[in-house]
Amino acid sequence: VNGCSYTYGDELENPERDRWSTHFGRKRNKEVVNIARPGSSNSKIFRDTIDYLRWNKVKHCIVMWSAFERVEVYDLKKEDWLQVSPSRLDDGEKDITKNKKYWEYYYALITNRETCLLNTLNHMVQLQWICEELDIELLQGWFHENCWKEYKRLVELATKKSHPVKKEIETLFKQLTTNSRFGMGDLHVDDFWTLY
């Protein structure tokens, strides 16, 4: 199981005991390994999931993707990945907050919501293909309800402007199977327990 703070259980008093993946494991009588980390970008979630699948025998994989706008940058001083989110520019790591002005420029001038959405959809399609090849049952989707709202908003905006990004977004979305569309449209939290 992978994702961000929601999947890790960061907001809970005892994450390992109370997070949804632990309840899922008990209910299904399955051993669950939760590799989620708070503040994870979708690039980190994808990278860590692929690394785990590469080195471990896995039958089932559940990924709840995070907010699109989170990014990661390799920090040469720390020799590790730095997770950045526009919502954490004020209270994040010192390496982020001391460069807040430049991160604001990055989010205002260098990247956009469409790029972030396309990156997430690409990760989802690639993970689906990898799991199919490895014969791993995959369930994935968006834990954040706002992700689906943002998806619909961006498609609607692209439709109004007759922008070609709409076609690319929809092409990727259509490649996702039902088990890869949790939290997207008609598949909600209650459906999770019936899909697995």
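Each residue takes its place number in the sequence, starting with 1.
Each salt bridge (Lys or Arg N to Asp or Glu O under 4.0 Å) pair with one or both residues in residues 117-131, not counting sequence neighbours, would appear here, but there are none. Among residues at least two apart or in separate chains, ring pair (Phe, Tyr, Trp, His ring centres under 6.0 Å) pairs with a member in residues 151-176 are Trp142-Tyr151, Trp148-Tyr151, Trp148-Phe173, Tyr151-Phe173.
Asp48 is linked by a side chain to side chain contact (heavy atoms under 4.5 Å, CB included) to Asn2, Ile35, Lys44, counting only residues two or more places apart in sequence or in another chain. Annotation: side chain to side chain contact (heavy atoms under 4.5 Å, CB included) contacts of Lys57 (sequence neighbours excluded): none. With sequence neighbours excluded, no residue satisfies salt bridge (charged side-chain N to carboxylate O under 4.0 Å, His left out) with Lys101. With sequence neighbours left out, Asp51 forms a salt bridge (charged side-chain N to carboxylate O under 4.0 Å, His left out) with Arg54. In this view, Glu69 and Arg113 satisfy the salt bridge (charged side-chain N to carboxylate O under 4.0 Å, His left out) rule, not counting sequence neighbours. Scanning for side chain to side chain contact (heavy atoms under 4.5 Å, CB included) contacts around Trp129 gives Val125, Glu132, Gln175, with sequence neighbours left out. Remark: Tyr106 pairs with Trp103 by the ring pair (Phe, Tyr, Trp, His ring centres under 6.0 Å) rule, at least two apart or across chains. Shown here are the side chain to side chain contact (heavy atoms under 4.5 Å, CB included) partners of Lys149, two or more places apart in sequence or in another chain: Glu145, Asn146. Taking the salt bridge (charged side-chain N to carboxylate O under 4.0 Å, His left out) definition, one finds that Asp90 meets it with Lys100, sequence neighbours left out.
Separating the OG atom in Ser21 from the CE atom in Met64 is a distance of 11.0 Å, to the nearest 0.5 Å. With rounding to the nearest 0.5 angstrom, the CE atom of Met124 is 8.5 Å from the CG atom of Leu127. Atom-to-atom distance recorded for Asn34:CG and Thr22:OG1 is 7.0 Å, nearest 0.5 angstrom. The CD atom of Glu156 sits 4.5 Å away from the NZ atom of Lys160 when rounded to the nearest 0.5 Å. From Leu134, atom CG reaches atom CG of Leu53 across 6.5 Å, with rounding to the nearest 0.5 Å.
The shortest distance between side-chain heavy atoms of Val165 and Leu118 falls below 4.5 Å. A heavy-atom distance below 4.5 Å is found between the side chains of Cys61 and Thr49. Within the 4.5 Å cutoff, no side-chain heavy atoms of Phe46 are placed close to those of Asn122. Counting only heavy atoms from C-beta outward, the side chains of Val58 and Val33 never approach each other to under 4.5 Å. In this structure, the side chains of Ile62 and Phe24 come closer than 4.5 Å at one or more pairs of heavy atoms. Residues Cys4 and Arg70 form a side-chain contact, since some pair of their non-hydrogen atoms from C-beta on lies under 4.5 Å apart.
No side-chain N or O of Glu72 forms a donor-acceptor pair with one of Ser43 less than 3.5 Å apart.
Using modelled atom types, one side-chain atom of Asp75 and one backbone atom of Lys78 make a donor-acceptor pair closer than 3.5 Å. Remark: side-chain polar atoms of Arg19 are paired, donor with acceptor, to backbone N or O of Tyr8 under 3.5 angstrom.
Ile110 is connected to Val84 through a chain of hydrophobic side-chain contacts under 4.5 Å among Ile, Leu, Val, Met, Phe, Trp and Tyr, so both are in one cluster.
When every heavy atom of Gly39 is checked against every heavy atom of Gln83, the shortest pair comes out as O-CB, 3.4 Å.
Through direct or indirect side-chain contacts shorter than 4.5 Å among Ile, Leu, Val, Met, Phe, Trp and Tyr, Leu76 is connected to Tyr74, Trp81.
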